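Heads up, the thing below is written out as structure tokens.
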2 protein chains.
Amino acid sequence: MPEFNLKSYLAERKQLIDAALEKIFPVPAGLQKQVVEASRYSLFAGGKRLRPILCLAAADVAGGTLDPVIPAACALEMVHTYSLIHDDLPAMDNDDFRRGVPTNHKVYGEAIAVLAGDALLTEAFEFLAASADDGVPAKKVVDVIRIMVKASGYRGMIGGQVIDLECENRKVDLATVEYMHIHKTGALLSASLEIGAILGGGDSVLITSMRNFGHHFGLAFQITDDLLDVEGDAAVMGKKPGSDAAKNKMTYPALLGLAQSKEAAREHVNQALLALASFGEAAEPLRAIAQYLLVRKA
Amino acid sequence: MPEFNLKSYLAERKQLIDAALEKIFPVPAGLQKQVVEASRYSLFAGGKRLRPILCLAAADVAGGTLDPVIPAACALEMVHTYSLIHDDLPAMDNDDFRRGVPTNHKVYGEAIAVLAGDALLTEAFEFLAASADDGVPAKKVVDVIRIMVKASGYRGMIGGQVIDLECENRKVDLATVEYMHIHKTGALLSASLEIGAILGGGDSVLITSMRNFGHHFGLAFQITDDLLDVEGDAAVMGKKPGSDAAKNKMTYPALLGLAQSKEAAREHVNQALLALASFGEAAEPLRAIAQYLLVRKA
């Protein structure tokens, strides 16, 4: 077997997602076009499409065809993008740049940025619901919608963001930081895998394995993200490192130190790989993506 | 037949909705409770529950039992409330009071207000999806979710809000004002009736009639809302009249004058009643609510 080429795999899948997003979320003709243009500005601002890629990769493990999974994969990216637009607002993290380009409110103003986020979140549910057009049983579509709500609402991502806001400038323990990250980033990453597994036709064992993979992947992702903010290269990341420290955010390196944080990341990657143990070659992309976290530069 | 008592009907239905909202959206135990408290602050800040009441009334016309419709009725109120929280933000309409009490961001700060709105919008889809637990076929649930997205996203309410922002301090024609209102308020009102009709088991003729009723009801509602802002009593409304004029908002009275605006409201109420012509006593509440618009004081 030739070695799995992660770089070309990611590039190919990113292209697939970009094309699908372009097609399903075009600029409308009417007076409402400004808000969609604003939504699209952030949607096409250089995201790596990690959540859609994980979603499709999980569907591959389940052995499903990708067509019925693509709208949901797009929905995951839309929810992720909405969260970035709102997180960047002056009242929240007050970030002027993301991925090397001005944030949404710097380009369109705060009012449109709020609405552009709202529009992405709302429309994401259209694309989840649209899976029903592609032959996915409506019962599964409803299940997937509820998983998305749980992962992105106050029980997931929004809850994590609230905890993040509350913890700024405050000493918190590792358990709280982990709890925050499981909600703020972990929940949507884990849901990406679970949704892919369901729409790909996986059985309950496979779905649970994907959720477990997602849990550990999410933590490893966040720890390595924190590490990049300490050790990363601004030119590669498209943003300045040190922003967490400047904002007094509680991070893994701040609490555990660099060496122990790296060890924790390795441990979670190992746990993620363990969740894939019973799957063969079809899980190779997920294995490669998980291992890549330990050497990521952006 | 005794005359229909609208006042006690509305009070009874409001109580039903309040109790359901209280039950399905409680404060959670975890660290995320602050955002839910903020969401609930606005959710229980004196709303008339018009959208849920219209939804249940449409289900009554369809002859359905109300239990499977109640979660969706709650979802409509949650989407309406989220839109008010975000519209009130300093970057949008910058309102300090609504219904006589401080707006969400005045109490919880802007960051939490953004997230409280996001949480309400997200969780609304859980309660639409939850209809499937009450025996509604999953296919119908998916249809209802797509109607909600269309009515509340850029093709509906958000689109209307964007047009509203664009039209401030600018001369626009009546067609644009009408287009704005059909999107900003009409779409969700109309969807409330359509969703009730579907979940109540109505056939396609009934569903179309409810949508038509909603269209004209929505316009009559907005015109009478504009009229209240000119002629209303601050003590009854819980907000100062004249805020549209102060913000240079384009309204029906500003474009048509008072007399012609009242005539337009009457005309839309008549059209709304016409849409109910083939329904008997079961449509009496909807008729009474529509006629009430012409004498509303708040």
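A note on names: the letters A, B, ... follow the listed sequences, proteins ahead of strands, and every chain is numbered from 1. Worth saying up front: this structure is predicted, and the values here are computed from it rather than measured. FYI, side chains are in, hydrogens and waters are out, and symmetry mates aren't considered; it's all heavy atoms of this structure.
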| For the residue pair B:Phe125 and A:Phe125, does the interplanar ring angle fall in the parallel (under 30°), tilted (30 to 60°) or perpendicular (over 60°) class? | parallel
Smallest heavy-atom separation, B:Val142 atom then A:Ala129 atom, equals CG1-O, 3.7 Å
**Message:** For a 4.5 angstrom cut-off between non-hydrogen side-chain atoms, does A:Gln161 reach B:Gln32?
**Reply:** no
Taken to the nearest 0.5 Å, the spacing of A:Ile112 CD1 from B:Leu165 CG works out to 5.5 Å
Checked A:Glu123, A:Met180, A:His86, A:Met157 vs chain B; the most non-hydrogen pairs under 4.5 Å come from A:Glu123
Of the listed A:Val141, A:Asp87, A:Ile145, the one with the largest count of heavy-atom pairs under 4.5 Å with chain B is A:Ile145
Residues A:Glu166 and B:Leu31: closest non-hydrogen pair is OE1-O, 3.7 Å
Looking only at side chains, do B:Gln34 and A:Tyr154 share a donor and an acceptor under 3.5 Å apart? no
Scored by heavy-atom pairs under 4.5 Å with chain B, the best of A:Ala130, A:Gly160, A:Gly117 is A:Ala130
Okay, A:Thr176 and chain B: the region with an atom under 4.5 Å from a heavy atom over there is side chain
From the list B:Lys33, B:His105, B:Met92, B:Glu110, the residue making the most non-hydrogen contacts under 4.5 Å with chain A is B:Met92
- Message: For B:Lys106, I'd like to know if atom NZ has over 12 heavy atoms of other residues, nucleotides or ligands within 6.0 Å.
- Response: no
Other residues, nucleotides and ligands only: do more than 12 of their heavy atoms fall within 6.0 Å of NZ on B:Lys139? no
The interface call for B:Phe127 against chain A, heavy-atom contacts under 4.5 Å, is neither
Would you call A:Glu126-B:Lys150 a salt bridge at under 4.0 Å N-O?
no
Cut-off 4.5 Å, heavy atoms of chain B, and the answer for A:His183 is side chain
- Message: Less than 4.5 Å apart, side chain to side chain, heavy atoms only: is that true for A:Asp118 and B:Asp118?
- Response: yes
Ranking A:Asp93, A:Val114, A:Leu115 by heavy-atom pairs under 4.5 Å to chain B gives rank one to A:Leu115
- Query: Mind checking whether B:Asp133 and A:Arg146 have side chains closer than 4.5 Å, heavy atoms only?
  - Reply: yes
Given A:Ala111, A:Ala119, A:Gly153, the one with more heavy-atom pairs under 4.5 angstrom with chain B than any other is A:Ala111
